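Structure record follows, encoded as structure tokens.
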Amino acid sequence: MAPLISIRSSDDKLEIVNQLLLPHITEFIEIDSVEDAHDAIKSMKIRGAPAIASLAALSLSQHLRRGLKASPPPDYLASLEALKAHIDGILAFLFTARPTAVNLGAATRRLGKTLDNAIAAGKDPLAIAEELIAESNAVADEDVGRNKEMSKWAGEWIIERVRNLTLSAAPQGLNVLTVCNTGSLATSGYGTALGMVTYLHETGKLKSAFYTQTAPYHQGSRLTALELQTLKIPSVMICDTMVGSLFQNHNIHAVVVGADRIARNGDTANKIGTYNAAVLAARHKIPFIVVAPISTVDLDIPDGTHIPIEQRPSLEACLVRGILYPNDGKTKQVQVMITPAGLEGIYNPSFDVTPAELITAIVTEKGVAVKAEGAQGFDLSPIV
């Protein structure tokens with residue numbers, strides 16, 4: 001089967017797969033403006049920290065390409081002052097779509113720095129627009145290569161750890177648990193934590209991948225199921241309340257997760273339910289590994305208390321989507337309410353923060369970081 005993709009672009013056309021309809025319906029929707037990109041990110045039609053950063057960057061690239069082709073040219077290309085004000089406004093707007101995911105902030109800061117450096121170099125507005133287009137495209141293009149690097153680092157680290165513990169020359173049949181979706185649909189390709197699972201499968205070291213269903217209204221597990229099925233990777237879905245039972249009754253070699261933001265000390269924000277899995281993994285002495293790109297590491301904040309946690313609309317916790325029915329020759333999905341109408345007091349954060357003390361290793365495309373003996377936090381400098 002062909003690998004899954006979250007974004008496709010060609011010439012002036014930019015599309016994303018509407019992840020709200022997966023896994024039953026695969027529908028690509030066109031992103032025709034920066035506003036469309038913002039809405040897709042905020043409404044979670046696209047999700048995964050690397051993927052939303054890629055979409056934001058590509059929407060800016062699309063916007064500027066159209067501006068360069070327009071006749072007469074738009075006002076923002078008339079002067080450096082107008083260009084800076086216009087681009088800064090777009091980048092600030094895109095950043096507001098999902099504040100927890102630091103990759104989005106890293107992408108907007110990177111593009112803002114490209115703009116400022118080009119202005120400081122004395123380049124004209126047209127040349128700067130071209131430079132921004134190239135840098136925006138690079139944000140997305142670089143993702144696949146670094147995902148494969150970090151997946152290999154993480155995969156080889158756990159293989160070596162199991163080898164040392166079991167004194168086996170070549171450990172086979174590894175079982176790993178993952179939380180949320182971190183594969184091709186959450187990135188520009190291959191994946192982060194799910195990329196490690198794929199690497200173990202490709203190298204013949206994986207027995208089974210377990211993945212949690214965090215709640216009926218969270219899409220991550222359904223997307224993970226779709227990705228693992230597509231890649232023909234043996235897998236088992238479990239409810240997040242069953243993680244403790246899984247650890248009691250099955251030999252799990254590692255828990256591997258992605259991240260939406262990693263603080264300087266290693267505290268990590270990820271999909272809600274990750275902290276639960278980390279606590280249980282520590283109780284059962286199972287390695288807990290975070291796999292994410294360097295852009296996810298936020299060295300400007302000392303620890304997880306400084307990570308803003310996005311609170312989703314209460315209504316989302318009351319709805320479930322996925323009942324299929326035919327309509328006008330097409331398959332549609334019904335969204336139904338699973339709670340009493342008018343329910344009050346709903347707590348619905350998108351993310352929780354796993355403290356560094358519960359994390360065994362943090363992996364980026366540059367390598368693997370582990371804590372020093374007796375340390376509660378990480379020194380991430382070698383891998384960023």
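Predicted model only: the values in this text are computed from it and were never measured. Numbering starts at 1 and runs along the sequence shown.
- No donor-acceptor distance shorter than 3.5 angstrom exists from the side chain of Thr26 to the backbone of Leu22, with no hydrogens or angles considered.
- Looking at Val243 and Asn276, their side chains never come closer than 4.5 Å, going by heavy atoms from C-beta outward.
- Here the rule is side chain to side chain contact (heavy atoms under 4.5 Å, CB included) with Tyr211, and of Ile238, Leu194, Leu177, Thr178 only Thr178 fits it.
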inquiry  = Ser208 vs Asn175, test: side-chain hydrogen bond (donor to acceptor under 3.5 Å, both in side chains). Steps then yes/no.
reply    = CA-CA 5 Å; Ser208 189; Asn175 293 315; 4.8 Å; no

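- Within the 4.5 Å cutoff, no side-chain heavy atoms of Lys271 are placed close to those of Thr212.
- Note on residues 368-380: no pairs pass salt bridge (charged side-chain N to carboxylate O under 4.0 Å, His left out), not counting sequence neighbours.
- Sorted by first then second residue, the side-chain hydrogen bond (donor to acceptor under 3.5 Å, both in side chains) pairs that include residues 301-311, not counting sequence neighbours, are Arg98-Glu310, Asp303-Thr305, Asp303-His306, Glu310-Arg312.
- For residues 277-288, no pair satisfies side-chain hydrogen bond (donor to acceptor under 3.5 Å, both in side chains), with sequence neighbours left out.
- Rounding to the nearest 0.5 Å gives a distance of 8.0 Å between CD1 of Ile286 and CG of Asn251.
- Looking at Leu83 and Leu115, their side chains come closer than 4.5 Å, going by heavy atoms from C-beta outward.
- Side-chain contact between Lys205 and Tyr199 is absent, with no heavy atoms from C-beta onward closer than 4.5 Å.
- Each of Val384, Asp267, Leu380 was scored for a side chain to side chain contact (heavy atoms under 4.5 Å, CB included) with Ile262, with one residue passing: Leu380.
- Counting only residues at least two apart or on different chains, no salt bridge (charged side-chain N to carboxylate O under 4.0 Å, His left out) pair has a member in residues 344-354.
- Not one N or O on the side chain of Glu227 forms a donor-acceptor pair closer than 3.5 Å with the backbone of Leu4.
- Annotation for Val102 and Ser295: closest pair CG1-O, 3.3 Å, computed over non-hydrogen atoms.
- Scored by the salt bridge (Lys or Arg N to Asp or Glu O under 4.0 Å) test, Asp32 finds Arg66 as partners (sequence neighbours excluded).
- Cluster note: Tyr275 groups with Val279, Leu358 through ILVMFWY side-chain heavy atoms spaced under 4.5 Å, whether in direct contact or through intervening members.
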request  = Show your working on side-chain hydrogen bond (donor to acceptor under 3.5 Å, both in side chains) between Lys45 and Ser43 and close with a plain yes or no.
outcome  = CA-CA 6 Å; Lys45 293 182 179 73; Ser43 65; 3.0 Å; yes

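- Crowding of Trp157 atom CH2: a count of heavy atoms from other residues, nucleotides or ligands under 6.0 Å exceeding 12.
- For the residue pair Thr96/His38, the side-chain donor-acceptor check at 3.5 Å is satisfied.
- For Asp75, the CG atom counts as loosely surrounded, since its 6.0 Å shell holds 12 or fewer non-hydrogen atoms of other residues, nucleotides or ligands.
- In this structure Phe28 satisfies the ring-ring contact (aromatic ring centres under 6.0 Å, His included) test with no other residue, sequence neighbours excluded.
- Other residues sharing the hydrophobic cluster of Phe351, ordered by chain and number and joined by side-chain separations under 4.5 Å: Ile301, Ile307, Ile309, Val353.
- Thr364 contributes a side-chain N or O that, together with a main-chain N or O of Ile383, makes up a donor-acceptor pair within less than 3.5 Å.
- Put simply, the side chain of Gln19 never gets that close to the backbone of Met44: no donor and acceptor are under 3.5 Å apart.
- To the nearest 0.5 Å, atom OG1 of residue Thr198 and atom CG of residue Leu228 are 7.0 Å apart.
- In this model, no donor atom of one side chain and acceptor atom of the other lie less than 3.5 Å apart for Asn348 and Ser314.
- At distances below 3.5 Å, at least one donor-acceptor pair connects side-chain atoms of Thr268 with backbone N or O atoms of Gly266.
- Residues that satisfy the salt bridge (Lys or Arg N to Asp or Glu O under 4.0 Å) test with Glu135, not counting sequence neighbours, are Arg110.
- A distance-only check finds no donor-acceptor pair linking the side chain of Glu131 to the backbone of Ala118 [under 3.5 Å].
- Between the side chain of Ser136 and the main chain of Leu58, no donor-acceptor pair closer than 3.5 Å is present.
- Side chains of Ile87 and Leu60 form a contact here, defined as non-hydrogen atoms less than 4.5 Å apart.
- Partners of Asp298 under the salt bridge (Lys or Arg N to Asp or Glu O under 4.0 Å) rule, at least two apart in sequence or in another chain, are Arg261.
- Side-chain atoms of Arg161 and Thr360, non-hydrogen and from C-beta on, do get closer than 4.5 Å to each other.
- For His201, the ring-ring contact (aromatic ring centres under 6.0 Å, His included) criterion is met by no residue, not counting sequence neighbours.
- Side-chain atoms of Ile25 and Asn18, non-hydrogen and from C-beta on, never get closer than 4.5 Å to each other.
- Counting only distance, with no hydrogens or angles, the side chain of Ser6 and the backbone of Ala186 share no donor-acceptor pair below 3.5 Å.
- A heavy-atom distance below 4.5 Å is not found between the side chains of Cys180 and Val257.
- Shown here are the salt bridge (Lys or Arg N to Asp or Glu O under 4.0 Å) partners of Asp143, two or more places apart in sequence or in another chain: Arg146.
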